[in-house]
Engineer: 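Quick one: the structure is below, and I'll ask about it shortly.
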Amino acid sequence: MADETQRERYNAPASEQHWQQKWEQGEVFKTRTDPGKPKCYVLEMFPYPSGRIHMGHVRNYTMGDVLARYKRAKGFNVLHPMGWDAFGLPAENAAAERKVHPGKWTYENIAAMKTQLKSMGLSLDWSREIATCDPSYYVHQQHLFLDMVSKGLAYRKSSKVNWDPVDQTVLANEQVIDGKGWRSGATVELRERLQWAFKITDYADDLINSLKRLDKWPEKVRVMQENWIGRSEGLMIRWKLDATTAPAGHTELEIFTTRPDTLYGASFMAVAPDHPLAKAAAEKNPELAAFCDECRRMGTSAADVETAEKKGFDTGIKALHPLDPNWRVPVYVANFVLMEYGTGAIFGCPSGDQRDIQFARQYNLPIIAVVVPKDEPARSQALSKIHEGLAYTDDGVMINSRELDGMTPKVAFDIVASKLGGEKLGAGPVAARKVNFKLRDWSISRQRYWGCPIPVVHCTACGIVPVPTDDLPVTLPEDATFDMPGNPLDRHPTWKHVTCPKCAAPALRETDTMDTFVDSSWYFVRFTAPDAKTPTDQAAANYWLPVDQYIGGIEHAILHLLYSRFFARAMGATGHLQKNLAEPFDALFTQGMVVHETYRRAGIEPPQWLLPTDVRFEGEGDARIATEAATGKPVIIGSIEKMSKSKKNLVDPDDIIAHYGADCARWFVLSDSPPERDVIWTEDGVKGANRFIQRVWRIVDDVADRNTDGGEIPGIYSPEALDLRRIAHKTLHAVGQNIEGLRFNVAVAGLYELTNALSAALQKPDPALRVAVREATEILVQLLAPMMPHLAEHCWARLGKHTLIADAPWPLAEAALLIDDTVTIAVQVNGKRRDELTVSRDLSQDDLKALALQLDTVVKAIDGKTVKKIIVVPQRIVNVVA
RNA sequence: GCGGACGUGGUGGAACCGGUAGACACACAGGACUUAAAAUCCUGAGGCCGCAAGGCCGUGCGGGUUCGACUCCCGCCGUCCGCACCA
């Protein structure tokens, strides 16, 4: 037996390199489509090739890898691919700043990050690697695009677009945050432009309804998507305008409402400043025109909206109430009415809407309560609140509403809908039921170089002509310039000048490229057949899809996931995927961030942040004192925040892997914190993980030294051996369950327990334990394998195995060992724990009751009172009620 | 404002379907080994009272249901996140 001083420490960096080579040489993780085997598609959101991986990547890919390796061991044919979301602005910014071509920059970054990912020992099938910037990928995207054009799912529309004056590009609504560009932070302007868009609104209903079926998605994400799509049922109502007051040509005003039941509470109409009626009225009214301009200038940021007053301008126009033509309602232009939603016009019922009541109070408009609680005193309270300016928006009964009085709002809604639906205004009905969505079509045109070219040609004679399939891909020109703002493709001297594919006349190429969200909306499909000549290989797609477990950050909860869901449907409609697939991701998991303390120089404003590696610490716990390593000057230990370049609270995965090894980093990010929550990166935690690795190695080395595998399996195990076997098999069972449920932190805790039990057993010289120790050690190593694959391989070899643990099947737990012969049962008196009993598990309830009642502690607690009843929960508890 | 999640020791957290709260880890304290340190091993620890045995309290707060509540229900308080004038 090697004594402790002789025993070599586990050399992680050397071992890890060795085993990574073995895996690569054996093509261990190469996946083939095999309909004979059950499949499991594990996918982590692919990275943007920024240049270096960060701890967030380490956490994300480790989680996926644990699941992938586990499923492999369980006998699944696992697809676990990796690629690069490689188009996007940073490459162009780098080109402008450093005079390096975006392609060169991107591919160099990919090479660097690929090396880093490989050093993590992930069980990836690198033969399926995809880079979305590669023509071999985007050629298929161009095919998909043209097929979507022919199905009407991609179309051009003139629309107001969000123009980012700094990035010189159009932004999707989703990329505008509080009125500012999501990348540049510049205030976004509105411009009219012809844009390519995807008809995601065609699927609005399906996208919202299908959310119900996604029961393995976080509730939070489903709710976010539901809110984003924003379905509401209501009524379109056309109001006749009083001809003596309305501008010429305007005879009616159509509004959308979800509350037609409150029509008798109407006290005003309001239109958006950009509404045609507002514009027409403004033509003859300079004051109104000025008001509309002022509204347009008003910020739309959250802060602006919150503080902004409800402002309006009475146009003098009157609308005729649809339920009473003698009732004239004034039409205002109001700053809180949005042109983009509904018809850009509303009717205001102040008593039932908080915005309306504010508006009405400001302009002295009538406030008529129409819905109030059915019974007192709630009704009086609601009425007085309305009087104070608080709208009543809950359910109740109709009042002040003539024929609707006494009805519920729901019934009133239906009555109004059918009444007005049956009446005519001109050729059409006065009102019609309508479902409205907040979701807009997805505008994909970007005035950028580093994106997928939109494969169409503009011909003066033929209009928009698709590039013929044989001419695809339309590739990006290499010799673009990046030294000025604007679109490099548009100012390229020759690229856009082509002949029309239809009439051969000189024509112009489309110079817009696609939003990079398009690239990531179908990459998971391409992974199933990355070399197919067509965008998809149906057989492969049918076998592999949907993705069984998708793992990524919550920041993609809305856009990426919604777009991917749309693409699955659009690809079904264009024949690239089976139609009934629809949902691309069966289960979704959103992992938490990696966070770290922040450090800054003391007494300096604005803050000067320091890297953790530049700070020295003295003392422990709360008494820690930090100084700057280089100068010895005091450093303030700040709050724990998401690792970011700006706060410099970064830990470089490369440093950790070089020093402690990938397994250590992997183990750390899996430990302690539940995977959906943030994990705090600490040096102590990493050291703890490293201690555990060394401890496992010592145990395995020790067990191997003792050569215990020669032992005969005894007919009867000693009680101690049986205990160890029980712990091993119970842990085996629990770790499997916990990995499947992605409760990695709980799995880790179980592995610590098994390790503790094993070290305790090793301290005992009992030879009867040898076989059980050997068995428990092998189980431990196999359970560690998905999480710390290199260490596990090393231990496996040390235990004399000549195969890779990566190829070893997951061990089977012996069912008999999962059940204890004896159980410890808590004994309560009146629900308070007083004692415990260790008894045979099949002891009868009556015997158990008798035993419990004999306990001194129980007798004392009963204190002579009559025992009323005794509750026995088998194998858990006895509760004496006295 | 609307929607969602969460609240457990010094810290991260565990606790199956309502059944012994605090597993496991970090930090801490004490001890062993060592000339010393590191490494390793052992022990202790929710709070209060007590030498101890033991007792009382205890999962944000207040109620309720139950033989029994971290878990279920009602009402508060607090933290975090998402959306935001969506008619």
Engineer: Run the salt-bridge test on A:Glu252 and A:Arg238 with the 4.0 Å N-O cut-off and return the result as yes or no.
Structural biologist: yes

Engineer: From the options B:G12, B:A23, B:C81, select the nucleotide whose nearest atom is closest to the side chain of A:Ile680.
Structural biologist: B:G12

Engineer: Taking atom CG of A:Asp856 and atom CG of A:Asp835, what is their separation to the nearest 0.5 Å?
Structural biologist: 8.5 Å

Engineer: Got a salt bridge between A:Arg743 and A:Glu740, using NZ or NE/NH1/NH2 to carboxylate O under 4.0 Å?
Structural biologist: no

Engineer: Which nucleotide, in any strand shown, forms a Watson-Crick or G-U wobble pair with B:U65, with both distances under 3.5 Å?
Structural biologist: none

Engineer: Under 4.0 Å, counting only non-hydrogen atoms across every strand here, what does A:Asp356 touch: a base, just sugar-phosphate, or nothing?
Structural biologist: nothing

Engineer: What's A:Pro674 touching, base or sugar-phosphate or nothing? Going by heavy atoms closer than 4.0 Å.
Structural biologist: sugar-phosphate

Engineer: Have a look at B:C56 and give me syn or anti from its glycosidic angle (syn if within 90° of zero).
Structural biologist: anti

Engineer: Mapping A:Arg695 and A:Glu219 to their closest nucleotides on RNA chain B, which lands nearer the 5' end?
Structural biologist: A:Glu219

Engineer: Please list, pair by pair, any protein nitrogen or oxygen found under 3.5 Å from a nitrogen or oxygen in nucleotides 66-68 of chain B.
Structural biologist:
residue	atom	partner	partner atom	Å
B:C67	O2'	A:Asn879	ND2	3.3
B:C67	O2	A:Asn879	ND2	2.5

Engineer: Below 4.0 angstrom from OP1 or OP2 of B:A25, is there any side-chain N or O of A:Asn756?
Structural biologist: yes

Engineer: For A:Thr258, answer base if it contacts any base atom (sugar-phosphate contacts may also be present), sugar-phosphate if it contacts only those atoms, and nothing otherwise; contact means non-hydrogen atoms under 4.0 Å.
Structural biologist: sugar-phosphate

Engineer: Within the structure shown, what part of the strands sits under 4.0 Å from A:Glu753 by heavy-atom distance: base, sugar-phosphate, or nothing?
Structural biologist: sugar-phosphate

Engineer: Need the pair for B:G3. Rule: Watson-Crick or G-U wobble, both distances under 3.5 Å, any strand; none if unpaired.
Structural biologist: B:C81

Engineer: What contact category does A:Arg834 fall into here, base, sugar-phosphate, or nothing, at under 4.0 angstrom with non-hydrogen atoms?
Structural biologist: sugar-phosphate

Engineer: With a 3.5 angstrom cut-off on both distances, give the Watson-Crick or G-U wobble partner of B:U40, or none if there isn't one.
Structural biologist: B:A32

Engineer: Across all strands shown, which nucleotide pairs with B:G50 by Watson-Crick or G-U wobble geometry, both distances under 3.5 Å?
Structural biologist: none

Engineer: Below 4.0 angstrom, N of the basic side chain to O of the carboxylate: do A:Arg231 and A:Glu226 qualify?
Structural biologist: no

Engineer: Please determine whether a side-chain nitrogen of the Lys or Arg among A:Arg691 and A:Asp684 lies less than 4.0 Å from a carboxylate oxygen of the Asp or Glu.
Structural biologist: no

Engineer: Would you indicate, yes or no, if B:A87 has its OP1 or OP2 atom less than 4.0 angstrom from a side-chain nitrogen or oxygen of A:Ser232?
Structural biologist: yes

Engineer: For B:C24, give the paired nucleotide (Watson-Crick: N1-N3 plus N6-O4 or O6-N4; G-U: N1-O2 and O6-N3; both under 3.5 Å), or none.
Structural biologist: B:G12

Engineer: Near RNA chain B, counting only heavy atoms under 4.0 Å, which residues of residues 344-352 of chain A show up?
Structural biologist: A:Ile346

Engineer: I want to verify a distance call: between B:U20, B:C41, B:A25, whose nearest atom is closest to the A:Arg876 side chain?
Structural biologist: B:U20

Engineer: What contact category does A:Tyr752 fall into here, base, sugar-phosphate, or nothing, at under 4.0 angstrom with non-hydrogen atoms?
Structural biologist: sugar-phosphate

Engineer: At less than 4.0 Å, is any side-chain N or O atom of A:Arg355 found next to OP1 or OP2 of B:G1? Yes or no.
Structural biologist: no

Engineer: Quick one: closest heavy-atom pair of A:Ala852 and A:Val878, and the distance?
Structural biologist: CB-CG1, 4.0 Å

Engineer: Between A:Gly685 and A:Ser671, who's closer to the 5' end of RNA chain B by nearest nucleotide?
Structural biologist: A:Ser671

Engineer: Would you indicate which nucleotide in B:A14, B:U20, B:G19 comes nearest to any side-chain atom of A:Val873?
Structural biologist: B:G19

Engineer: In terms of side-chain heavy atoms, does A:Asn227 have a donor or acceptor partner in A:Arg222 at a distance below 3.5 Å?
Structural biologist: no

Engineer: If you only use heavy atoms from C-beta on, which nucleotide in B:G12, B:G19, B:C41 is closest to the side chain of A:Gln763?
Structural biologist: B:C41

Engineer: Check each of A:Tyr660, A:Tyr752, A:Phe668, A:Trp697 against A:Phe692 using the ring pair (Phe, Tyr, Trp, His ring centres under 6.0 Å) test, and report the only one that passes.
Structural biologist: A:Tyr752

Engineer: Nearest to the side chain of A:Phe336, heavy atoms from C-beta on, is which of B:C85, B:A87, B:A39?
Structural biologist: B:C85

Engineer: Quick check on B:A38: is either OP1 or OP2 less than 4.0 Å from any side-chain nitrogen or oxygen of A:Arg691?
Structural biologist: no

Engineer: Counting side-chain heavy atoms from C-beta on, which of B:G19, B:A25, B:G3 comes nearest to A:Val223?
Structural biologist: B:G3

Engineer: Do the side chains of A:Arg841 and A:Asp820 get close enough for a salt bridge, i.e. N-O under 4.0 angstrom?
Structural biologist: no

Engineer: To the side chain of A:Arg698, which of B:U40, B:A14, B:C83 is closest?
Structural biologist: B:U40

Engineer: B:A14, OP1 or OP2 - any side-chain N/O from A:Asn745 closer than 4.0 Å?
Structural biologist: yes

